[in-house]
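One structure is given below, encoded as structure tokens.
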Amino acid sequence: MLRGFYTAASGMITQQRQTEALSNNIANANTPGYKADQTTIRAFPELLLSEMGSEKTIPTTQGGLNLPVQNTVGSINTGAYVQETVPNFKQGDVRETDISTDLAIINGTIPDESGFLFFNVQNEAGEVRYTRNGNFTVDGEGFLVTNQGYYVLDQAGNPIQTDGMEFTVTPEGTLQTMDQATQLGISYMENVNDLTKEGNDIFAGEADAIPAGTTFSIQQGTLEQSNVNTMQTMTDMMSSYRLFETNQRVLRAYDESLGKAVSEIGRIG
């Protein structure tokens, strides 16, 4: 009976964590460049049950020898758990904003299906990070920055200075002002599953060399939208909530059965 408690409880915890991930997706449905989190659920390893205490008589010259044996009963599963949460890096829809500081990476040809392109930014600790959220702005010192104040980097790894002037960005990623031309820093990740999500649409990881045959373009005045499918996410949330309630009812039934065993069966005799 206690095994049933653990199985039902693990199911409730699993659905709670899945609901939290889905809720976070819904909350970021309108966040530019947001990549929806997906949870992977696994069952705990199966346990092999055996009957203990049985004896088997082995014939001997003295008449027989009783030896303990284990009779296999079968296997049992002890519940499920959320193995990991991974972002879905499918490109979101692109929306026009007509704001010159808004930029979007438009994927062209990428040889590796698990590869993806990102803008290079610099966090408050001076470390290089990566984002698909091109909702940039120009700070008081003329630098191109993210909404969190992270510097947008050029291909050489330096913050991009606009001197507060208007600029244009070519499809090849060259930012041009009246005085200078700067190549936007674009990085390629061969396996996006190796990236670590740090929040605010920022990812940490090690960039790879852009493989031959990779094509992309930069569109100014547009933003890549979140790739959250709102209707599907709401459906998944309802399903997760129902599974949580089901496990809750199972847990309550075990609790009532255990209560009867303690209060009623214990009084017999």
Tabulate below the donor-acceptor pairs under 3.5 Å that side-chain atoms of residues 122-129 make, not counting sequence neighbours, or state none.
unit_1	atom_1	unit_2	atom_2	d
N123	OD1	A125	N	3.0
N123	OD1	G126	N	3.1
N123	OD1	E127	N	2.8
N123	ND2	E127	OE1	3.1
E124	OE1	Y150	OH	3.0
E127	OE1	R129	NH2	2.9
R129	NE	E198	OE1	3.0
R129	NE	E198	OE2	3.1
R129	NH2	E198	OE2	3.4

- Shared hydrophobic cluster, L103 / F216 (ILVMFWY, side-chain heavy atoms < 4.5 Å): yes
- Task: For the pair Q176 (side chain) and A181 (backbone), establish whether a donor and an acceptor sit closer than 3.5 Å, ignoring hydrogens and angles.
- Result: no
- Examine distances only and state if a side-chain atom of E224 and a backbone atom of G92 form a donor-acceptor pair shorter than 3.5 Å. yes
- Item | Interatomic distance, I218 atom CD1 to Q183 atom CD [nearest 0.5 angstrom] | 8.5 Å
- Backbone N or O of D236 within a donor-acceptor pair of the Q18 side chain at under 3.5 Å? no
- Specify the closest pair of heavy atoms between T146 and T137, including all atoms of both residues, with the distance to one decimal. O-CG2, 4.3 Å
- Closest heavy-atom pair, A8 versus V250, reported as atoms and distance to 0.1 Å, is CB-CG1, 4.0 Å
- Item | Side chains of D154 and T182, donor plus acceptor under 3.5 Å | no
- Message: Ring-plane angle category for F244 and Y241, please: parallel below 30°, perpendicular beyond 60°, tilted otherwise.
- Response: parallel
- Item | Gap separating the CG atom of L251 from the OG1 atom of T7, nearest 0.5 angstrom | 10.5 Å
- Message: Over 60° means perpendicular and under 30° means parallel, so tell me whether F89 and F203 are parallel, tilted or perpendicular.
- Response: tilted
- Query: Between L223 and P32, what is the shortest heavy-atom contact and its length?
  - Reply: CD1-CG, 3.9 Å
- Item | T177 side-chain N/O to T162 backbone N/O, donor-acceptor pair under 3.5 Å | no
- Are F118 and L195 close enough that some pair of their side-chain heavy atoms sits under 4.5 Å apart? yes
- SB check E245 R252 (cutoff 4.0 Å): no
- Query: What's the spacing between S10 OG and Y81 OH if we round to 0.5 Å?
  - Reply: 11.0 Å
- Query: How many angstroms lie between OG in S187 and CD1 in I210, if you round to the nearest 0.5 Å?
  - Reply: 7.0 Å
- Query: Side chains of N158 and Y151: does their closest heavy-atom pair fall under 4.5 Å?
  - Reply: no
- Message: For I105 and Q91: C-alpha separation, side-chain torsions, deciding distance, then whether side chain to side chain contact (heavy atoms under 4.5 Å, CB included) applies.
- Response: CA-CA 9 Å; I105 301 176; Q91 179 163 342; over 6 Å; no
- Message: Can you confirm whether the side chains of T222 and E96 place a donor and an acceptor under 3.5 Å from each other?
- Response: no
- Message: Taking V145 as the starting point, is it possible to reach V169 by hopping between hydrophobic residues whose side chains are less than 4.5 Å apart?
- Response: no
- Query: Do side-chain atoms of Q155 reach the backbone of I186 as a donor and acceptor pair under 3.5 angstrom?
  - Reply: yes
- Message: Could you check whether any side-chain N or O of T40 sits under 3.5 Å from a backbone N or O of E84, counting only pairs where one atom can act as donor and the other as acceptor?
- Response: yes
- Item | L144-F119 co-clustered via ILVMFWY side chain contacts under 4.5 Å | yes
- Taking D163 for the side chain and M165 for the main chain, is one N or O donor matched with an acceptor at less than 3.5 Å? no
- Query: Side-chain heavy atoms under 4.5 angstrom apart, residues restricted to Ile, Leu, Val, Met, Phe, Trp, Tyr: same cluster for F167 and V121?
  - Reply: yes
- Item | For K90 against K35, the heavy-atom pair lying closest together | O-NZ, 3.3 Å
- Task: Could you grab the distance from atom OG1 of T214 to atom OH of Y188, nearest 0.5 Å is fine?
- Result: 5.5 Å
- List the steps, then state whether side chain to side chain contact (heavy atoms under 4.5 Å, CB included) holds for Q219 with V94. CA-CA 9 Å; Q219 283 191 9; V94 177; 4.1 Å; yes
- Message: Let me confirm one number: the CG-CG distance from D208 to N191, rounded to the nearest 0.5 Å.
- Response: 8.5 Å
- Item | Full working for side chain to side chain contact (heavy atoms under 4.5 Å, CB included) between T168 and Q220 | CA-CA 7 Å; T168 59; Q220 187 176 15; 3.9 Å; yes
- Message: Taking D201's backbone N and O only, do any of them form a donor-acceptor pair with T131's side chain (distance below 3.5 Å, no angle check)?
- Response: yes
- Could you walk me through whether V86 and K197 pass side chain to side chain contact (heavy atoms under 4.5 Å, CB included), step by step? CA-CA 9 Å; V86 294; K197 204 171 188 179; over 6 Å; no
- Message: How close do I160 and L184 get, counting heavy atoms only, and between which atoms?
- Response: CD1-CD2, 3.4 Å
- Answer yes or no: are there more than 12 heavy-atom neighbours, outside Q148 itself, under 6.0 Å from its atom CD? yes
- Of all heavy-atom pairs linking N227 and A36, the shortest is OD1-N, 2.9 Å
Side-chain polar contacts of residues 19-28 - donor-acceptor pairs under 3.5 angstrom, sequence neighbours left out - could you list them?
unit_1	atom_1	unit_2	atom_2	d
T19	OG1	Q15	O	2.8
T19	OG1	S240	OG	3.0
S23	OG	T19	O	2.8
N24	OD1	N28	ND2	3.3
N24	ND2	Y34	OH	3.0
N25	OD1	Y34	OH	2.9
N25	OD1	D37	N	2.9
N25	ND2	D37	O	2.9
N28	OD1	T31	OG1	3.2
N28	ND2	N24	O	2.8

- Item | Exam field: side chain N200 to backbone I202, donor-acceptor pair closer than 3.5 Å | no
- Message: Please check: side-chain N/O of D102 versus main-chain N/O of D98, any donor-acceptor pairing under 3.5 Å?
- Response: no
